[in-house]
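Notes follow once the structure below has been shown.
Every chain is numbered from 1 and lettered A, B, ... according to where its sequence line falls, protein lines coming before strand lines. Remember, predicted model here, so these are calculated numbers, not experimental data.
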Amino acid sequence: MAACVVKTSCFPGLHLQKKNVIHFLCCAMASASGTAGHWSKGLLASMNDPEAVIDADEDLVTIKDKYPKAKFHFLILPRRKIPNLKSLTREDLDLLEKMHQKGEKIANRANEELQFRFGYHAVPSMSHLHMHVISQDFNSPCLKTKKHWNSFVTDYFVDSKAVIKSIQKHGQWNVNKEEMDQLLKQDLKCHICKKMFRTIPELKAHIVFHDVTKPKTR
DNA sequence: GTTCTAGAAC
DNA sequence: GTTCTAGAAC
């Protein structure tokens, strides 16, 4: 790997920012090792990254989300290649149930107190079907944009159980892409008390005061 | 999916 | 002047 060590001083006169240098080196190394790929294929790489994988069995691999949008944020992926929700059929129902059960197990292992949701983005950016397992605090520096927020608190986030029911009933999952795009643009609303906010920083300052632990049964 | 940044909003 | 967002990335 010695050949990969490149000092910026090797390029006098090139005033590249550190991030650009890192990006350049990563692309060069990925290209040299044959692992280069479009960003949308990144989950496949993560599935084979021991740093990312926290659980694996014969059907499913669980990874930490690379940019977690809450204190706990994991992705459950089937080993079998399934591109997206639209490609699901009744033959996948057993797998979908397993994904949900795995999600509950992973969530409890991570934190028994917090509320979690299990579900899919209606129109995901990353290829390869993946179920989000995300705690409902949404307290994370990686949550930065309106799109991030709305993708987890509006109907753009489809509960795992809703997908399973749809496949049982209709044998498929249908999505209106235009409708989903509109959801991502809607005004910022607290997922707990429905209060409206003008900016992401204001919303983030607000949500930390909500209790998102599971209701106590006594 | 993220990074970067121009210019809007304050 | 600073904060924040939205859109390009070849």
Exercise. Tell me: CG of Leu44(A) to P of dG1(B), nearest whole Å?
Worked result: 16 Å
Exercise. Between Asp137(A) and Lys71(A), is a salt bridge (Lys or Arg N to Asp or Glu O under 4.0 Å) present by the stated rule, with each step listed?
Worked result: CA-CA 7 Å; Asp137(A) 49 274; Lys71(A) 283 179 183 164; 5.2 Å; no
For this session: Identify whether any heavy atom of Ser40(A) sits under 4.0 Å from a base atom; if not, whether one sits that close to sugar-phosphate; answer base, sugar-phosphate or nothing.
Result: nothing
Exercise. Base, sugar-phosphate alone, or nothing: which one does Lys147(A) contact when heavy atoms must sit under 4.0 Å apart?
Worked result: sugar-phosphate
Exercise. Parallel, tilted or perpendicular: which fits the ring planes of His206(A) and His210(A), with parallel below 30° and perpendicular above 60°?
Worked result: perpendicular
Problem set entry | Lys102(A)/Asp57(A) ion pair, N-O < 4.0 Å | yes
For this session: Would you kindly give the CH2-to-P distance between Trp39(A) and dT2(B), to the nearest whole Å?
Result: 9 Å
Exercise. Atom CG of Asn150(A) to atom P of dA6(C): distance rounded to whole Å?
Worked result: 10 Å
Problem set entry | Nearest-nucleotide pick for Lys69(A), side chain only, options being dA6(C), dT5(C), dT2(B) | dT2(B)
Seminar exercise, completed: Picking from dA6(C), dT2(B), dT5(C), the nucleotide nearest the side-chain atoms of His148(A) would be dT2(B)
For this session: Using a cut-off of strictly less than 4.0 Å, decide whether Arg198(A) has a side-chain nitrogen or oxygen near OP1 or OP2 of dC4(C).
Result: no
Exercise. Which whole-number value in Å describes the distance from Tyr156(A) OH to dG1(B) P?
Worked result: 6 Å
For this session: For dT3(B), take OP1 and OP2 only and decide whether either is under 4.0 Å from a side-chain N or O of Lys144(A).
Result: yes
Exercise. What is the distance from CG of Leu188(A) to P of dC4(C), rounded to the nearest Å?
Worked result: 12 Å
Problem set entry | Atom NZ of Lys204(A) with >12 non-hydrogen neighbours under 6.0 angstrom | yes
Exercise. Looking for any heavy atom pair under 4.0 Å, which part of the strands does Leu43(A) touch: base, sugar-phosphate only, or nothing?
Worked result: nothing
Exercise. Asp187(A) has an atom CG; how far is it from atom P of dC4(C), in whole Å?
Worked result: 17 Å
For this session: Please tell me which of the listed nucleotides, dA6(C), dA9(B), dT2(B), lies nearest to the side chain of Tyr67(A)?
Result: dT2(B)
For this session: Starting at atom CZ of Phe197(A), determine the distance to atom C1' of dT5(C), rounded to an integer number of angstrom.
Result: 18 Å
For this session: Report which part of the nucleic acid His130(A) touches: base, sugar-phosphate, or nothing (heavy-atom distance under 4.0 Å, all strands).
Result: nothing
Exercise. How is Pro201(A) classified with respect to the nucleic acid when contacts are heavy atoms under 4.0 Å: base, sugar-phosphate, or nothing?
Worked result: sugar-phosphate
Exercise. Within this structure, what is the CD1-to-P distance between Ile200(A) and dC4(C), rounded to whole angstrom?
Worked result: 11 Å
For this session: Measure from NZ or CZ of Lys195(A) to the centre of the six-membered ring of Phe197(A), then state whether that distance is under 6.0 Å and the direction lies within 45° of the axis.
Result: yes
Exercise. Which one is paired to dA6(C), where only Watson-Crick or G-U wobble pairs with both distances under 3.5 angstrom count?
Worked result: dT5(B)
